[in-house]
Amino acid sequence: MELPPGKKVYFASDFHLGIPDRTSSLEREKRIVAWLDDIKTDAARIYLVGDLFDTWFEYRNVVPKGFTRFMGKLAELSDAGIPVEVFTGNHDLWMLDYFEDELSILVHHKPIYREINGKKFLIAHGDGLGPGDHGYKLLKKVLRSPVSQWLYRRLHPDTGVGMASWFSQLGPKHADTPIKEFQGPEKEWLVQFCMDTLNNEHFDYFIFGHRHIAIEYPLPQNSLYVNLGDWIRYDSYAEFDGKDLKLKYYKMNVE
């Protein structure tokens, strides 16, 4: 992919729409929509790198209620010819074909590799990558199983979506949980994943979400690990202008 003059590629993740309550989620949704509206003039492509929702489960003819402004803005961008690509995260891994069928938005369930203006990118949500976290990796295989999904769909949507939301609320409330600061390369599984990958293939940029820290960490071979942070604490995103990638923070204009 070669960027036209003046165009950019944008990356963001971990919106976690739906928590901790309707009021704060709606305020966050409006900020995200305002950011998407601001970048649409120069966006060549937008990557939304997982956990867009704190809970998402698709039935054949039913999707979770809410998020109308966000969905509408994605439809507007897609209809305007701006490619948007979405990744599933650990909170919305049961995203299936709704985004592709209704919004013409590509959904990725695994890491992807892209070359933009001669720079190589590895992009993924980040859950289950690197060493450790074996319990989650096993759970993910179970949850991604077609059999598990078929069985869960036997539940009425009110029950199924309600149960998924209830289990999600049992986990850390991201807005209230202290930030787990960067632990150093020897303890950060995603950094370990990057280092192992570089032993076999060079990438200029590793772009991840999941970790809920906004950080640019230099790696060997002039490579860069970027974690996109979240829109609960940081309102952070990354911008690639064809030459350099920078982590930025959105400030919504309030008139």
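- Atom OG of S104 is separated from atom CG of L74 by 11.5 Å, given to the nearest 0.5 angstrom.
- Annotation: salt bridge (Lys or Arg N to Asp or Glu O under 4.0 Å) contacts involving residues 191-201, sequence neighbours excluded, comprise K120-E201.
- Partners of H202 by side chain to side chain donor-acceptor pair (under 3.5 Å), not counting sequence neighbours, listed by chain and number: D204, Q221.
- Under the side chain to side chain donor-acceptor pair (under 3.5 Å) criterion, E58 pairs with W56, sequence neighbours left out.
- One finds the CG atom of N227 at 11.0 Å from the CD atom of E216 (value rounded to the nearest 0.5 Å).
- Annotation: salt bridge (Lys or Arg N to Asp or Glu O under 4.0 Å) contacts involving residues 109-119, sequence neighbours excluded, comprise E85-R114.
- The local environment of NZ in K246 is sparse, with at most 12 non-hydrogen atoms from other residues, nucleotides or ligands closer than 6.0 Å.
- Remark: M71 CE is packed, more than 12 non-hydrogen atoms of other residues, nucleotides or ligands lying under 6.0 Å away.
- Residues meeting the ring pair (Phe, Tyr, Trp, His ring centres under 6.0 Å) test with F11, sequence neighbours left out: Y47, F121.
- Looking at residues two or more places apart in sequence or on another chain, you find a ring pair (Phe, Tyr, Trp, His ring centres under 6.0 Å) between Y217 and F182.
- For N222, the CG atom is loosely surrounded, since the number of other residues' heavy atoms within 6.0 Å does not exceed 12.
- Aromatic ring pairs are classed by plane angle as parallel below 30°, tilted from 30° to 60° and perpendicular above 60°; the pair Y10 and W35 is perpendicular.
- Each of W94, W231, F67 was scored for a ring-ring contact (aromatic ring centres under 6.0 Å, His included) with F53, with one residue passing: F67.
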